[in-house]
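Note that ligands are numbered from 1 as they come in the structure, with each ligand's atoms numbered from 1 the same way.
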Amino acid sequence: MSREGILAGLDIGSSKVRMLVAELDSGLSPKVIGLGETPAEGIRRGLLVDLEKTIGSVEAAVIEAEKSAGVEVNSVLVGIGGNHLQSIDSYGMTPISGPGGRVTTEDIEKVLEAAEAISLPMDREILEVIPQDYTIDHQGGIKKPLGLVGMRLEVNVHVVTGKVNSRQNLVNALDSLGLEVEDFILGPLASGLAVLTPEEQRLGAVLLDIGGETTDIAVYYDEAIRHLAVIDLGGKDITNDLTSGLRIPAKEAESLKIQKGGVLGGIMDPEETVSLPSVNGRKPWKVAVGVGTSIVEATVERIFDLVRRELRSCEYVDRLPMGVVLTGGSSRLPGIRELAEQILRMPARHGFPRVLDGEGVELSSPELATCAGLVLYGFSGRRPEGPGDLDRGGFFGRAWGGLKSVFNRHF
Ligand SMILES: Nc1ncnc2c1ncn2[C@@H]1O[C@H](COP(=O)(O)OP(=O)(O)OP(=O)(O)O)[C@@H](O)[C@H]1O
Ligand SMILES: [Mg+2]
């Protein structure tokens with residue numbers, strides 16, 4: 001049966017489809033009541049490439065989540081991610097129209113609309129407009145212009161775009177399962193909400209979600225996302241390199257990675273040998289674990305090198321004292337935190353979803369960050385006080401932290 005006050009977050013990743021079901025308890029704290037997790041099929045680097053297979057994977061995750069939660073789910077908050085996401089800076093300007101020259105809500109809407117007026121190819125659409133700062137009559141650095149006096153309002157924004165068909169394909173897939181999309185939320189935005197502390201969002205940090213086929217980079221500074229990028233590499237590339245490097249079947253490569261994989265000596269004993277099945281029916285052969293881990297390390301280094309290059313192109317690279325926060329399934333590789341510190345030259349920590357409670361559901365998983373952020377996002381918009389007042393502390397003030405400035409007005 002469906003119940004009031006229930007929310008479901010759906011993360012359709014390249015490796016796994018996950019659905020988290022949560023409800024507000026009497027103290028208005030979100031409590032996770034169910035989780036469904038199934039291998040993802042029909043998704044390539046975050047984009048839907050096989051409708052039927054995707055529907056099958058999502059259906060299995062939904063059934064599992066509904067069963068464990070004991071409720072029927074009719075609508076979902078969906079994370080949107082993948083290598084099609086791109087971000088650019090834009091700018092808008094409008095005369096201030098309010099009485100006595102005071103900035104009104106309409107002025108803010110208007111200036112953001114002006115900033116959205118960018119030319120895009122036919123196959124792309126705006127997914128999110130993230131205000132960076134406002135300027136009134138040449139005085140910049142303003143976060144909340146509402147009610148301030150002046151003649152001219154300007155805004156700098158970060159615009160995130162994605163493929164039009166990506167969202168439409170997801171809507172169609174979910175529609176065929178009788179699921180309504182309550183909202184689409186950028187995956188990295190949801191993950192950041194779930195794992196970053198308010199200090200990290202304010203003082204400067206990078207969220208790095210290393211998933212199955214993609215690595216998301218989201219740079220936070222002064223309570224807003226300042227840079228967003230997606231790299232076309234993830235855990236499956238590590239497995240593929242093991243498959244070709246050791247000439248073993250993909251299934252064996254995946255289990256070798258999970259059981260013995262690690263970087264920077266983050267493994268038991270590199271001299272230990274394991275017996276591996278060969279491809280083409282050849283005899284199994286013995287290999288030192290260290291050979292496998294050097295392959296793993298080379299691929300992870302490649303990922304971090306690309307991250308470093310991406311960060312260099314971001315003007316906030318020198319303003320990230322809180323360092324890197326690692327999420328995604330591939331962040332479970334032993335030694336990866338140390339390697340991140342070495343290559344990116346900043347402190348690193350593992351990120352786990354916070355401020356979510358769950359009975360019988362294991363929430364301390366780095367790969368649940370996106371799902372957890374989706375339900376936190378949904379509840380923050382549903383709390384009784386209404387979405388305009390997020391400064392009063394309490395659960396939602398803490399959970400929402402600095403991300404309150406992000407408008408989600410495009411769906
Ligand atoms: N213990 C582990 N050690 C190493 N890698 C792991 C471990 N557990 C999971 N992984 C890897 O994590 C990856 C999946 O991560 P995740 O579930 O975050 O991906 P996803 O969200 O489905 O994909 P994406 O975000 O790229 O679309 C897989 O490649 C898997 O092999
Ligand atoms: Mg993911």
Side-chain angles (χ1 to χ4, degrees), residues 9-20 35-49 54 57-58 60-61 78-85 162 166 170 185-192 194-195 207-218 228-243 250-264 266-268 289 292-293 295-297 299-300 303 306-307 325-337 339 350-353 362 364-374:
L10 181 66
D11 173 21
I12 305 175
S14 316
S15 278
K16 290 274 173 72
V17 177
R18 298 188 175 89
M19 185 157 104
L20 208 58
L35 170 67
E37 190 173 81
T38 51
E41 285 191 65
I43 302 288
R44 190 88 187 100
R45 308 241 183 241
L47 271 175
L48 199 157
V49 292
T54 304
S57 303
V58 174
V78 183
I80 193 153
N83 66 357
H84 63 112
L85 295 188
S166 150
L170 287 176
I185 295 137
L186 289 178
L189 198 68
S191 302
V195 304
L207 179 86
L208 217 55
D209 186 290
I210 314 175
E213 296 187 356
T214 57
T215 295
D216 300 339
I217 307 170
L228 194 124
V230 181
I231 289 174
D232 253 358
L233 281 176
K236 277 195 191 165
D237 299 282
I238 303 173
T239 305
N240 289 345
D241 289 351
L242 276 174
T243 304
K251 214 168 140 214
E252 306 296 333
E254 177 73 9
S255 73
L256 179 69
K257 178 183 82 173
I258 304 279
Q259 280 158 33
K260 306 281 182 191
V263 291
L264 280 186
I267 45 154
M268 293 115 273
V289 169
T293 52
I295 295 173
V296 172
E297 195 163 305
T299 316
V300 178
I303 294 174
L306 288 171
V307 171
V325 179
L326 299 165
T327 59
S330 301
S331 71
R332 286 180 179 271
L333 267 181
I336 199 165
R337 187 186 68 78
L339 190 61
H350 288 282
F352 300 102
E362 182 49 67
S364 57
S365 308
E367 55 268 31
L368 279 182
T370 307
C371 259
L374 291 173

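- Atom OG1 of T370 and atom CD1 of I12 lie 12.0 Å apart (nearest 0.5 Å).
- Under the side chain to side chain contact (heavy atoms under 4.5 Å, CB included) criterion, L306 pairs with I231, L233, R309, not counting sequence neighbours.
- Within the 4.5 Å cutoff, the side chain of L35 has heavy atoms near those of the L368 side chain.
- Taking the salt bridge (charged side-chain N to carboxylate O under 4.0 Å, His left out) definition, one finds that E252 meets it with nothing, sequence neighbours left out.
- K16 pairs by the salt bridge (charged side-chain N to carboxylate O under 4.0 Å, His left out) definition with nothing, not counting sequence neighbours.
- Looking at heavy atoms from C-beta onward, I336 lies in side-chain contact with I210 at the 4.5 angstrom threshold.
- Within 4.0 Å of ligand 1, protein heavy atoms belong to G13, S14, S15, K16, R18, G211, G212, E213, T214, G235, K236, E254, K257, I258, G328, G329, S330, R332, L333, E367, listed by chain and number.
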